[in-house]
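See structure below.
A, B, ... follow the sequence lines: proteins, then strands. Residue 1 opens every chain. The figures here come from the full heavy-atom set of this structure, side chains too, leaving out hydrogens, waters and symmetry mates.
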Amino acid sequence: MLGRLQIAFVGLAAMVASPMVGAMAAEAGKAREPTELEWSFDGIFGQFDRAELQRGFHVFNQVCANCHSLEHIAYRHLSGIGLSEDEIKAIAAEVEVTDGPDEFGDNFQRPGRPSDPYRHPFDNEQQARAANGGALPPDLTLITKARPAGPDYVHAVLTGYGEAPPSEFEVTEGKDYNPYFKTWTIAMAEPLFEDAVEYADGTEASVDQMSRDVSAFLAWAAEPELERRKQTGFVVVAFLIILAGLLYASKRQMWAKLH
Amino acid sequence: MSAHSIETGSGGGLVKWIDSRLPIFSYMQKEYGEYPAPRNFNYWWNFGALAMFLLVTMIVTGLWLAMQYTPHVDLAFDSVQRIMRDVNSGWFIRLVHVNGGSFFFIVVYIHIFRGMYYGSFKAPRELLWMLGVIILLLMMATAFMGYVLPWGQLSFWGATVITNLFSAIPLVGDSIVTWLWGGFTVDNPTLNRFYALHFLLPFLIVGVVGLHVVALHVTGSNNPLGIEPKSQQDTVPFHPYYTVKDSFGLGVFLVIFAAVVFFAPDFFSEPENYEKADFLKTPEEIVPEWYFLPFFAILRSVPAIWFVEAKLAGVIAMFGSIFVLFALPWLDTAKVRSGKFRPIFRWFFLIFLVDCLLLGFVGGKPPNSPVFESIESFEFIDLGRITTAWYFIHFFIILPLLGRFERPLPLPDSISAAVLGSHSGGGPAASGATAKPMEKA
Ligand code: HEM
C-alpha cells in the first residue's frame with residue numbers, strides 16, 4: 001500500500017510542480033542570471049586549487065582591498081591558501097597597524113603581524129561612503145555564500161561591465177550599467193582591467209582570469225573549512241554505510257528467529 | 001551487569017543495592033527491555049526513536065555552541081563566524097546543529113503523518129497525541145528563536161515580522177509586541193531573551209517527551225493494522241527486536257544526515273542570512289525557515305472576514321491550523337484506526353498530504369505572482385486560499401463525514417493472524433470479523 005502511495009504521490013507532486021518551476025524562473029527576471037562556471041571546489045570531490053587561491057588573493061590584496069574589507073579573515077588564516085609563515089609575515093608587515101596604549105598611555109604604529117585581522121580599507125562607514133559616492137562597499141568574506149549563485153555571481157559582476165544599456169534604461173550619474181547587479185546600476189567602477197596585476201606564476205592577467213581567481217579566493221574566504229569538511233565527510237559516510245550494513249545484517253538475523 | 005541480571009536474580013551486588021532503593025534498572029528493563037511491542041511495526045515506527053536521537057543531538061551540540069556564542073547584536077554574527085573558523089571542530093558542531101534542526105522537523109512531520117494515517121491518535125491514545133502536539137509547539141518556538149541567534153538579515157527581519165503578528169490582537173496587541181521585544185524594535189534585549197528561551201525550551205521538550213513516552217507505555221503502541229495485540233503471539237519484547245531495528249533505521253538516517261552536513265551544509269539555508277542584520281535594509285523577500293512555510297502560507301492567505309481584519313484572521317488561522325490537531329481524536333470519528341482498512345480515507349489522507357506540501361510551496365513564493373506562466377490571473381495567493389481552505393475542510397468536514405459514512409474493510413482477527421497467515425492465527429474469531437488473510441502490502 002505504502003509503495004503505491006509513494007509512487008502516486010511522487011507522480012502527483014512532479015505534475016503539480018513542473019509548470020510552477022517554469023513560472024518561478026520567468027518571474028524572477030530581475031538581475032541577469034550569472035553564467036555557470038566550473039570550479040575546482042565544486043561537487044563532492046572538489047577541492048581548492050592553491051595556485052588559483054594565491055593568484056586570487058593577489059588580486060584581492062592589490063585591487064579589491066582598497067575598498068572592501070574581509071572582516072573574518074586574519075593574516076594567519078592565509079596559511080589555508082598555502083602561503084608559508086614567512087610569506088604571511090611579509091604580507092602582514094606591509095600594513096601599518098595602530099596599537100596601544102603603550103606604557104605611557106599613547107597609541108603607536110607598528111608593522112602588522114600574522115595575528116592581526118586583515119586590513120580594513122576605511123576607519124568607519126561614513127568614510128567608506130564618502131570615498132565611494134555615497135555607496136558602501138560591502139564586506140566580502142561571505143559574499144559567495146550570501147548570493148545564490150556564489151562565486152559565479154562575483155565573476156559575473158566583475159566581468160559584467162561595458163555593455164550598452166537598453167535604450168529606455170537610464171544609468172544614474174556616477175554609476176555603471178551592470179545587468180548582473182540587482183539594480184542593474186552599480187556604484188563600483190569597473191575594478192579590473194587587462195594586466196591590473198602581475199601574477200608571480202606568469203599567468204596572463206586577463207579580466208576573466210583575474211575575476212575567476214578572485215572569485216575562487218572569496219569562495220575560500222567564505223568557507224575555509226570546505227576541504228576538511230569534505231575529507232572528514234568521506235570517512236564518516238563510509239563508516240556509517242558499513243555500520244548501517246552491519247546493523248541490517250544483525251536485524252535480519254535477529255528477526256529470522258521469530259518466524 | 002545489565003538490567004537483565006536483575007530479572008534472573010543473579011545480578012551484581014551494586015546494581016541490586018541501587019535498584020532496591022531507586023529502581024532505575026528494573027524500570028529500564030520493564031520499559032525498554034520487556035516492553036511488549038506489536039510484532040508488525042513497519043519502518044514508519046522508527047521515527048519516534050529518530051526524533052529522540054535528534055533531541056539529544058540538538059541539546060549536546062547546542063550546549064557546545066553556547067560556550068562560544070555571544071548574544072549581543074554587535075557580536076553575535078561575528079561569534080558565529082568565529083565558531084566556523086577558529087574554534088576547534090566548531091564548523092562541525094554548528095553544521096550538525098543547524099541541519100539537525102531541519103532534520104528534526106522532517107522526522108517529526110513524518111512521525112505525525114504516520115500517526116494520522118494509522119490512527120495512532122485515537123482512543124485510548126488521545127493524551128499521548130496531545131502531548132505530541134505540545135512538543136510540536138515547543139519545537140516551533142525553539143526553532144524560531146534559535147534562527148534569530150546568528151543575527152543575519154533573515155534572523156532580524158523574520159523576528160520582526162513574526163513578533164509583529166501579535167500586534168493584530170485587538171486593543172493590547174501593540175503593548176504585547178513592545179513587551180516581547182523589550183523595546184520599540186527587535187534589538188539587543190530581544191536577542192538576549194530569545195537566547196535565554198532558546199536554551200531553556202529544549203529541556204521543557206525533554207520533560208514533555210518523558211510524559212509522551214510514559215503515556216505510550218501505558219496504552220502500548222499502535223501498529224500498522226491498528227488493532228490491539230491480543231495474545232503474546234502478537235508482540236515481541238522491545239529489546240532486542242526493536243532496539244536492533246531502530247538501530248538499523250538510525251544507521252540509514254545517519255548516512256543521509258551526514259551526507260547533508262558534510263557535502264551540502266547549506267542545503268536548507270537561505271543565502272540572505274549570511275549577511276549581517278541591518279535594520280535599514282529590508283530584504284526583498286522575508287521567508288521563514290522551510291518548516292514554517294505551510295503555516296506562513298496560511299497566515300498570508302486568509303482575507304478579512306466580517307469585522308476581523310486580514311492580519312488577525314491570518315494569525316487565528318495559522319495558530320488554528322496547529323491547535324486543530326488537539327481536536328483530531330474527536331474529529332476523526334471512525335472506529336477503525338488504520339488507513340489500511342479505510343479505502344476512502346486513504347485517498348483523502350493522500351490529498352491532505354499533497355495539500356500540506358502545496359501550502360509549503362506557496363509559503364515560499366511571493367503571493368502576487370502567477371502560479372502558471374500561462375494563467376496570469378491565478379496567483380499564489382489564490383492557490384494559498386484554496387489549499388488553506390482544504391486544510392480546514394479536511395479536518396472539520398471530511399474526517400467527520402468519513403467517520404459516519406465510510407465502510408471499512410474487514411479487520412484481521414489478530415496481528416499474528418495477519419502477519420503469519422490465517423491458519424496460525426491462534427485466537428478464535430471472537431471479534432466476528434471475517435477472517436480474511438491480509439493482502440501482503
Ligand atoms: C521531540 C519530538 C518527539 C519525540 C522525541 C517523540 C518520541 C516518540 C517516541 C520515542 C515514540 C515511540 C516510537 C514510535 O512510535 O515511533 C513516540 C510515539 C508517538 N508520538 Fe512522538 N515524539 C515527538 C514528537 C511528536 C509529535 C509532535 C507528535 C504529534 C503531534 C507525536 C505523536 C506520537 C504518537 C501518536 C505516538 C504513538 C505512536 C504509536 O502508537 O506507535 N510525537 N514518540
Worksheet item: Where do A/T141 and B/Q81 land on the side chain to side chain contact (heavy atoms under 4.5 Å, CB included) test, with the steps shown first?
Response: CA-CA 10 Å; A/T141 331; B/Q81 281 306 313; 5.9 Å; no

Worksheet entry | Region of B/Y43 in contact with chain A, defined by heavy-atom distances below 4.5 Å | side chain

Worksheet item: Is any side-chain heavy atom of B/E275 closer than 4.5 Å to a side-chain heavy atom of A/D139?
Response: no

Worksheet item: Relative to each other, are the rings of B/Y242 and A/W255 parallel, tilted or perpendicular (30° and 60° limits)?
Response: perpendicular

Discussion item. Between A/M254 and B/K245, is there a side-chain heavy-atom distance shorter than 4.5 Å?
Written reply: no

Item to complete: Heavy-atom distances under 4.5 Å only: say whether B/N273 touches chain A with side chain, backbone, both or neither.
Response: neither

Fill in: Toward chain A, the part of B/I256 with a non-hydrogen atom under 4.5 Å
neither

Worksheet item: Should B/M84 and A/H72 count as side-chain neighbours, where that means a heavy-atom distance under 4.5 Å?
Response: no

Discussion item. Taking the basic N atoms (NZ, or NE/NH1/NH2) and the acidic carboxylate oxygens, is any pair closer than 4.0 Å for B/E272 and A/R147?
Written reply: no

Worksheet item: Hey, which of B/P265, B/A259, B/A264, B/G251 has the most heavy atom pairs under 4.5 Å with chain A?
Response: B/P265

Worksheet item: Under a 4.5 Å cut-off applied to non-hydrogen side-chain atoms, are B/W91 and A/T232 in contact?
Response: yes

Worksheet item: How about A/F45 and B/F263: do any of their side-chain heavy atoms sit closer than 4.5 Å?
Response: no

Item to complete: Apply salt bridge (charged side-chain N to carboxylate O under 4.0 Å, His left out) to A/K251 and B/D246, showing your working.
Response: CA-CA 9 Å; A/K251 190 252 158 194; B/D246 282 351; over 6 Å; no

Worksheet item: Under a 4.5 Å heavy-atom cut-off, does chain B meet the side chain of A/E71, its backbone, both or neither?
Response: side chain

Worksheet entry | Residue B/E270 versus chain A: region with a heavy atom under 4.5 Å | neither

Fill in: Reported CG-to-CD1 distance for the pair B/L254 and A/I241, which is rounded to 0.5 angstrom
11.5 Å

Practice prompt. Can you tell which part of B/V261 gets under 4.5 Å to a heavy atom of chain A, answering side chain, backbone, both or neither?
Written response: backbone

Worksheet, complete the sentence: The interface call for A/P224 against chain B, heavy-atom contacts under 4.5 Å, is side chain

Fill in: B/R85 side-chain N/O to A/A221 backbone N/O, donor-acceptor pair under 3.5 Å
yes

Fill in: Contacting moiety of B/D266, where chain A heavy atoms sit under 4.5 Å
side chain

Worksheet entry | Side chain, backbone, both or neither of A/I73 within contact of chain B (heavy atoms, under 4.5 Å) | side chain

